[in-house]
Each structure stands twice: as structure tokens, then as C-alpha cells.
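First the proteins, then the strands, lettered A, B, ... as listed; each starts at 1.
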Amino acid sequence: MLYKRLRMFGSCDYLRLWSDFFSFAQPMNQLKIHLYNQLKHKPSLNQINQIHAQIIVRSLGQTNNLIGALIQSYNAHGKLKSATKVFNKYPSQHPTFLWNLIIQAYSKTSFTEQSLHLFKQMLLIAGLHSSPVPDDYTFTFIITACSRQRTLLDCGKNCHTMVIKLGFDKNVCVGNALVSLYVVFSKTVSARKVFDEMPERDIITWTSLIKGYAMGGKIAEAEQLFVKMPERNEVSWAVMIAGYVGHKMYNDALRCFNDMLADDNMKPNEAVLVSVLSACAHLGQINQGKWIHFYIDRTRFPKSSNISTALIDMYAKCGKIEYAKQVFDRTEKRDLLTWTSMISGLSMHGLGKEALKMFTEMLADGIKPDNITLVGVLNACSHSGQVKEGISIFNNMEKLWRISPKLEHFGCLIDLLSRAGRLEDAFKAVKTMEMEPDDVIWRALLSACRTHGNVGLAERIIEHVKKTGGGGRLLLSNLHASFGQWDNVRRIRESNIQKEDDSTPGCSYIEINGVVHEFLAADKLHPQIMEITLKLNEVMKRISLDEDFDNM
DNA sequence: ATAGGGTTAG
């Protein structure tokens, strides 16, 4: 073992190691301090191995500090196996501190159960020798471990009980871990109870609870807490802004962001910028979006892949695909998210062929798509008439990338077939679906019936929907809408005015020369509606001319 | 000598 470890070094290190060993120039204590300081200085893996060898050679395995630092260093490099080996070997009796380190290390991996297993072992040994007693750190780690696995809520509750019995519930970090546990499992009431009973709270306590309310749809409560909390930091702002975005309250998100900027002590972090860019994208607020882009450049904000993704998405959704491409081209490390936002953006702009080319490049780069990438890709096929390619991707997605088609992929397929005029195939595909088709699918099919003038099939479809009873009134009204039968739509909507249907109609925004224009589905409220309609008719005419041209 | 809270893509 020792030999193996020594052989790993270059000859130079090897010599130095042995000259150290024979010199006895350094007293033992100084050596310990020296090694410890080296470990605390973010050593490379190679350096860690050397230090480890020194610890073996000099028999320093009983020095807790040193062993702890060694375990930490291995953890920092993701070498959990090596860390575990060290833990198992040294020292003969583990103090709580070392147990904590190894428990925490496992809680951060996907083997969270292992940290609970270690905790149980610790309790057993504690019963035998009464040596290592779990402390507030131990509980913080295992409660956090429980929040990371969907199956571990009950385990977390058991920890809560122990915490109360042992009196660790007075500790802020333990309390925060508990609040966060209940928030993760959407148990807002329990989270609130822990919060209320904590003897002292800090920013993290407040932020966790705000997140809980935001996740549970209680934005007003989240807002109240946010205003009431004694002090805020970037993370609290991020949680509040993301809460608004999550509830489509994009204007509130921007307002909140501006409030944040008004505070000179507060600098937006990555999470804030990503959320705000998403709000800009949804609102078509290109100016605010550009401002953030400038801000990122000016402050030399690190351009992570998340930031690039958000910028690409924002530009694409605000109609500036060229800018989106520019950001993409300048992105150094492209990951699945950057590729996906670029592919989806191109596809949204009808640039299906380019999007497919990108997809090929992405695969060549060795990046596997996920279900969202495939939605973009299938849409790209649909928008560029690449029917064969689309069908082949749909049929092979399971085999090639282990992604089983979900509702939205069926939606793309049906859209693809419908646009290509293969209406009967599309209807057949709907009937083979295992899940209930949503109204997006029916609308795709029906609007294609309209453009292809197939009234007979449209009627059969509406009959089918009525018979299978899926979707209800709103769906039916949408079906009429997709056929342009606005009178029927109005009739259905008005007859149900007091019913449960409180869904807001589709709404879109676009900013032109600094003015944001808002459009509701089928409204006629815009001051320039006449001009818009005329232009739209012209566009439609030219599209149908192009189609005729294609068919020749 | 080791804690606890954050974002995005159709």
C-alpha cells in the first residue's frame, strides 16, 4: 500500500520525500502544522497523495486535525472513496467532528442514504463506548440529507423529534435545516411552526420560509414576510424575484429588481439576473434585457452557462435572434442548456433547418439531449417541413437517448403531421396516445383542418372530444376559437361567467421603440388594430402564395 | 475544526 502510494510520485517528489524522512530536521509538531497548512491551501490531488503518504510514514494517523483536513481535501476533489478509506483507518476512535465530516460528504452525493446509515452506526457505537455523541452539526447534516431525497420526509420528522429531545432545536442552523426540510416537502404549515418557535432567526430562516410560501402559491404572504424581515441579502432578493416569475407576475419581478438596484449595498447575483432575464423574455422587454446584458459586460460579471442561456432565451423571445446567435457564438463552455435555448430560439423563429444543424453539432459535441431539447428539435422539424426527420427523431428518441415521449412530444408530432397535411395520420396518432391529449394538441389538429379546409374531419374531432368528455367547456371554446368561430367562443364563455373558469386568456407583449404593446387573444383593442389587421392579411396572402409555389 | 437559504430552457 505504502509502496503503491510512493510509486505514484515523480522521481523528484520521491527523493524529497525520503530526504525529509531521514533528515529529522523538523520537530514533529512543526511537521504537523506544516502538513495541516498545506492541506488547508487547496492542494492538487497529487499533493494530497504526497501528504497522505507523509501521514502514513510518520505515523500521524492519530492527529484528528490532520485526518479531518485530509478527508476534507479528498472530498473537495470528489474522492469520496479515498476519504472513506482514511476515515475507516484513522484514528482508532472517531471523534464526533470526523463523523460529521464524512456524514456531510455523503449527504451531498446521490447516496444520501449512506449518510443516514453512518448516523445509525454512530448512534450504535455511542451506546457502546459513550464516545462519539451526535451534536448540532450532525443533525444539521442529516436533516439536510433528508431534504435531498423525496422518500425521506418521515426520516426527517424523526430527526426533528430527536432534535427536540436533545435540545438542539435552539440552534439556528438546525432550525434552518428543519424549516428548509419542510419547505422542500411543501409542508408550509410545519415550516411556519418551526419558524415561530425558533428562539432566534436570521436571514436564512426568513428566506427559507419566503421560498416556502412562494412555492405554495402564497405570494402575498411571501411578500409580507419579505417586507417584514429585518435585513435582506442577494439570496433573499433572488427568492422573492423568482417567486414572482414562478407565478407569471413578471412586472412585479421587474419592479422588485429595480427596488433591489435602488439599494446601493446590494449587487444582483446570478440567480437574480437569470430570473429577471426570464421576466424580460416573457414581457418582450428588450430594453430592460439589453440593459442587463450591458450590466453583465460592464461589471465583468462571470458569464456562466446559466447567464448565457438566459440571454439567448431573452433575445430569442424578444424577436432578436441575431443577438441570440451572437451570445451563443461568444459562449465558451456550451452545455445542454445553452444548446437547448439556441435550438429552441431558432425553431421559434421558423429557422428549422438551422436549428437541426445545431442539433447535429450538439450531438457531435457529445452532449445528450433531454426532453426539452427534443421539444425544440421536433418543433424545428415541424416549422421547416422536415416531416421524415421529425417522425424518425420521434420514433427513435427512446432508443437513442432513453427519453420516452411525453405529452409535449406528442404535441409536436401531431403538429408536424397536421401542418404537413397528414391530418388523418395526426388524428390516428392522438388516439394511440396513452395519456389524455391536452387542448394544445386539439388546437394544432383543428387549426390544420382549417388551413387545409377539411371541415369533415374537424367536425369528427369535435364530436370525439365531446364524446370522450375530456377538457370541458374551456377546451370546447378553444376548439371553436381555433376555427375562428368567435361567436361560439363568446357564447360559451359568457354562459359560464360565474363558473370556475378563471383562466386568463392568452396574452403576448412586444416592445417596439421603447413602447410595450400588449395583445390578448382575439382582442381588437390596440389603437392601430386596423393597420395591424391589414398587414396581417397581406402576410397571410403572401404565405399562401409561397405555399402554392412550394406545391408546384 | 465541520453547518443552514438561490435561478433558467418548450
**Q** With a 3.5 Å cut-off and just heavy-atom distances, do the side chain of A/Asn100 and the base of B/dA3 make a donor-acceptor pair?
**A** no

**Q** Nearest to the A/Asn306 side chain among B/dT7, B/dA9, B/dA3, which nucleotide is it?
**A** B/dT7

**Q** Using a 4.0 Å heavy-atom cut-off across all strands, classify A/Leu277 as base, sugar-phosphate, or nothing.
**A** nothing

**Q** Under 4.0 Å: is that the gap between some side-chain N or O of A/Lys40 and OP1 or OP2 of B/dA1?
**A** no

**Q** Do the two ring centres, one from A/Trp237 and one from A/Phe226, sit under 6.0 Å apart?
**A** yes

**Q** For A/Ile321 and B/dA9, give me the distance from atom CD1 to atom C1', rounded to whole Å.
**A** 14 Å

**Q** Which nucleotide in the list B/dA3, B/dT7, B/dG5 gets nearest to the side chain of A/Ile204?
**A** B/dG5

**Q** Just how far, in rounded Å, is P of B/dT8 from CG of A/Asp335?
**A** 15 Å

**Q** Roughly how many Å is it from NZ in A/Lys303 to P in B/dT7, rounded to a whole number?
**A** 24 Å

**Q** Side chain of A/Phe97 only, please: which of B/dT2, B/dG5, B/dA3 is the nearest?
**A** B/dT2

**Q** Mind checking if A/Ala310 touches a base, just sugar-phosphate, or nothing, with heavy atoms under 4.0 Å?
**A** nothing

**Q** Looking for any heavy atom pair under 4.0 Å, which part of the strands does A/Asn64 touch: base, sugar-phosphate only, or nothing?
**A** nothing

**Q** What I'd like to find out is whether the side chain of A/Arg201 reaches to under 4.5 Å of the side chain of A/Met198, using heavy atoms alone.
**A** yes

**Q** Assess the residue pair A/Thr96 and A/Asp135 against the criterion (side chain to side chain donor-acceptor pair (under 3.5 Å)); give the C-alpha distance rounded to whole Å, side-chain angles, the decisive distance to 0.1 Å, and a yes or no.
**A** CA-CA 7 Å; A/Thr96 303; A/Asp135 60 9; 5.3 Å; no

**Q** Where the side chain of A/Phe141 is concerned, which of B/dG5, B/dA9, B/dT2 is the nearest nucleotide?
**A** B/dT2

**Q** Between the base of B/dA9 and the side chain of A/Ser341, is one N or O donor paired with an acceptor at under 3.5 angstrom?
**A** no

**Q** Can you measure A/Asn379 atom CG to B/dA9 atom P for me and round it to whole angstrom units?
**A** 16 Å

**Q** Under 4.0 angstrom, heavy atoms only, what part of the nucleic acid is A/Gln72 near: base, sugar-phosphate, or nothing?
**A** sugar-phosphate

**Q** Between A/Ile241 (CD1) and B/dT7 (C1'), how many Å, whole number?
**A** 10 Å

**Q** What nucleotide, of B/dA9, B/dA3, B/dG5, holds the atom closest to the side chain of A/Thr140?
**A** B/dA3

**Q** Side chain to side chain contact (heavy atoms under 4.5 Å, CB included), that's the test. Do A/Thr309 and A/Val274 meet it? Break it down for me.
**A** CA-CA 9 Å; A/Thr309 303; A/Val274 168; over 6 Å; no

**Q** Between A/Thr373 and A/Thr340, does a side chain to side chain donor-acceptor pair (under 3.5 Å) hold up when you go through it step by step?
**A** CA-CA 5 Å; A/Thr373 320; A/Thr340 302; 2.9 Å; yes

**Q** Could you state the CZ-C1' distance from A/Phe119 to B/dA3, rounded to the nearest angstrom?
**A** 15 Å

**Q** Check whether any side-chain nitrogen or oxygen of A/Gln104 sits under 4.0 Å from OP1 or OP2 of B/dA3, and answer yes or no.
**A** yes

**Q** For the residue pair A/Phe141 and A/Tyr137, does the interplanar ring angle fall in the parallel (under 30°), tilted (30 to 60°) or perpendicular (over 60°) class?
**A** tilted

**Q** From B/dG5, B/dA1, B/dT8, pick the nucleotide closest to the side chain of A/Val274?
**A** B/dT8

**Q** Touch check for A/Phe168, heavy atoms < 4.0 angstrom, all strands: base, sugar-phosphate only, or nothing?
**A** nothing

**Q** In whole angstroms, how far is the P atom of B/dA9 from the CG atom of A/Leu346?
**A** 18 Å

**Q** Choose from B/dT8, B/dT2, B/dA3 the nucleotide whose nearest atom is closest to any side-chain atom of A/Asp135.
**A** B/dT2

**Q** Can you figure out which of B/dG5, B/dA9, B/dT7 approaches the side chain of A/Glu270 most closely?
**A** B/dT7

**Q** Just call it for A/Ala271: base, sugar-phosphate, or nothing, with non-hydrogen atoms closer than 4.0 Å on any strand.
**A** base

**Q** Which nucleotide in the list B/dA3, B/dG5, B/dA9 gets nearest to the side chain of A/Lys317?
**A** B/dA9

**Q** Could you state the CG-C1' distance from A/Leu181 to B/dG5, rounded to the nearest angstrom?
**A** 14 Å

**Q** Contact class for A/Val235 (heavy atom, under 4.0 Å): base, sugar-phosphate, or nothing?
**A** base

**Q** Contact class for A/Asn371 vs. all strands (heavy atom < 4.0 Å): base, sugar-phosphate, or nothing?
**A** nothing

**Q** What is the nucleic acid contact for A/Val172, judged by heavy atoms within less than 4.0 Å: base, sugar-phosphate only, or nothing?
**A** base

**Q** Identify the residue among A/Gln285, A/His282, A/Arg255 that makes a side chain to side chain donor-acceptor pair (under 3.5 Å) with A/Tyr250.
**A** A/His282

